[in-house]
Amino acid sequence: MAILITGISELVTCDDTLEGADQSDGLGILRDAAVVVGAEFEDAPTSVQWVGAAADAPAADWSFDLGGQAVLPGFVDSHSHLVYAGDRSAEFAARMTGQPYDGGGIAVTMAATREASDAELRALITARVDEMRSQGTTTVEIKSGYGLDVEQEARALRLAREVTEETTFLGGHVVPPEARDDRAAYVDLVAGEMLAAAAPHAKWVDVFCEPNSPHAFTGEEARTILLAGRAAGLGLRVHGNQLGPGPGVQLAVELGAASVDHCTFLSDDDIAALSGSDTVATLLPGVEFSTRSPYPDGRALIDAGVNIAIATDCNPGTCNSSSMPLMIALAVREMGMTPAEALRAATVTAARSLRRTDIGSVRVGNRADLAVVGAPSYLHIPYRVGVPIVKTLQV
């Protein structure tokens with residue numbers, strides 16, 4: 001069945017090859033537009049079949065009119081931690097009165113997550129993904145990292161795989177309390193038995209490379225884990241340079257990681273390395289908002305030619321928000337990015353950080369992952385901050 005969607009005041013395609021589109025901000029905008037979506041056969045994924053001016057729209061089996069709202073690619077949230085139980089709101093309150101974040105609170109979540117049943121975790125994950133979809137997110141990456149033993153990490157990824165194909169093994173999140181007397185043994189466990197159990201359920205491997213935290217991993221420890229993950233057939237992602245200068249960015253670029261995330265404290269050499277690479281710098285402004293930390297300099301990265309994505313880092317400790325519209329607003333308000341740059345970072349470049357070309361843009365043949373804005377332009381996303389005007393378009 002082909003479905004014609006009309007009444008689109010502004011269609012943001014994020015397709016820089018689309019003829020006739022306004023490419024002045026790199027968004028490929030069509031005004032007074034229409035889209036045809038459909039599936040080739042029953043149970044096939046719905047895809048974009050036609051894009052263009054409403055006056056030129058072809059006939060379809062069914063149609064509906066959005067009444068002058070804007071449409072854009074569904075958000076791609078390329079960094080989240082949704083497999084967890086427990087509550088750390090008291091930790092947030094303490095940070096607001098001056099307590100610094102050093103990664104130690106992860107152990108609190110680890111204990112609660114280990115105690116939760118499969119059914120409890122499944123219900124929590126499903127509710128969080130539904131919450132994301134209600135705000136325009138159509139693709140989400142989900143990491144493990146709150147089990148931190150062989151059985152629990154494999155379980156987390158198995159449950160995450162039920163809701164997304166973008167699953168990331170993060171046994172290298174922190175060193176759990178029971179392993180802190182022998183860090184080397186824990187690194188060997190992550191790179192060995194734990195990885196072997198997790199890999200069948202994972203697409204990616206990640207590590208918190210952060211020498212500024214006593215709980216996270218050094219550059220050499222991170223290298224060991226990443227190389228083992230690559231040998232197991234997983235793509236590479238890195239948490240890097242969040243709490244201070246460190247080796248994370250350079251390591252990510254050296255190993256050809258798809259993304260290095262946080263990038264809060266960067267040297268000129270880090271920026272130069274990123275600008276000459278295919279590694280996407282994924283910025284997570286909700287973390288800085290929730291920890292009262294300095295924001296990354298998005299403007300400097302863009303001006304240097306670095307590919308930037310933004311994501312929520314939705315997690316129980318440092319950013320318990322699932323709102324990509326909020327991340328866009330923070331990127332504009334606090335990181336020197338234009339609304340157009342922030343929207344690209346939340347869609348097509350975020351898809352690039354997952355090495356995906358079938359999402360993040362409205363293009364013939366791509367998945368029909370669309371979001372609708374309850375306003376005539378995408379500019380209302382950062383303009384009406386905190387107002388739930390974006391939602392996934394159900395077709």
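FYI, the numbering just counts along the sequence from 1.
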Salt bridge present between Arg95 and Glu91 (N-O < 4.0 angstrom): yes
Hits for side chain to side chain donor-acceptor pair (under 3.5 Å) against Thr338, two or more places apart or cross-chain, chain-then-number order -> Glu341
State which residues pass side chain to side chain donor-acceptor pair (under 3.5 Å) with Glu141; sequence neighbours excluded, sorted by chain then number. Lys143, Thr168
Pair Thr109-Arg88, side-chain donor/acceptor within less than 3.5 Å: yes
Residues at least two apart in sequence or cross-chain that pass side chain to side chain donor-acceptor pair (under 3.5 Å) with His173, listed by chain then number, are none
Val76: hydrophobic cluster co-members (side-chain, 4.5 Å): Trp204, Leu354, Ile359
Residue pairs fulfilling side chain to side chain donor-acceptor pair (under 3.5 Å) with at least one residue in residues 371-383, sequence neighbours excluded: Glu10-Ser377
Sorted by first residue and then second, give each side chain to side chain donor-acceptor pair (under 3.5 Å) pair with at least one member in residues 66-75; sequence neighbours left out. none
Among all residues two or more places apart in sequence or in another chain, which pass the side chain to side chain donor-acceptor pair (under 3.5 Å) test with Thr264? Glu288
Between the side chains of Arg161 and Thr167, does any donor sit under 3.5 Å from an acceptor? yes
So does Arg223 pair up with Glu220, basic N to acidic O under 4.0 Å? yes
Which residue pairs pass the ring-ring contact (aromatic ring centres under 6.0 Å, His included) test with at least one member in residues 269-313, sequence neighbours excluded? none
Going by side-chain heavy atoms closer than 4.5 Å, which hydrophobic residues are tied to Val287, directly or by a chain of links? Leu284
May I ask you to decide whether Arg183 forms a salt bridge with Glu178, counting only side-chain N to carboxylate O separations under 4.0 Å? no
Output all residues satisfying salt bridge (Lys or Arg N to Asp or Glu O under 4.0 Å) with Asp118, sequence neighbours left out; order by chain, then residue number. Arg155, Arg158
Strictly by ring-ring contact (aromatic ring centres under 6.0 Å, His included), give each pair with a member in residues 238-269 just once, sequence neighbours left out. His79-His239, His79-His262, His81-His239, Phe208-His239, His239-His262
The salt bridge (Lys or Arg N to Asp or Glu O under 4.0 Å) partners of Glu210 (sequence neighbours excluded) come to none
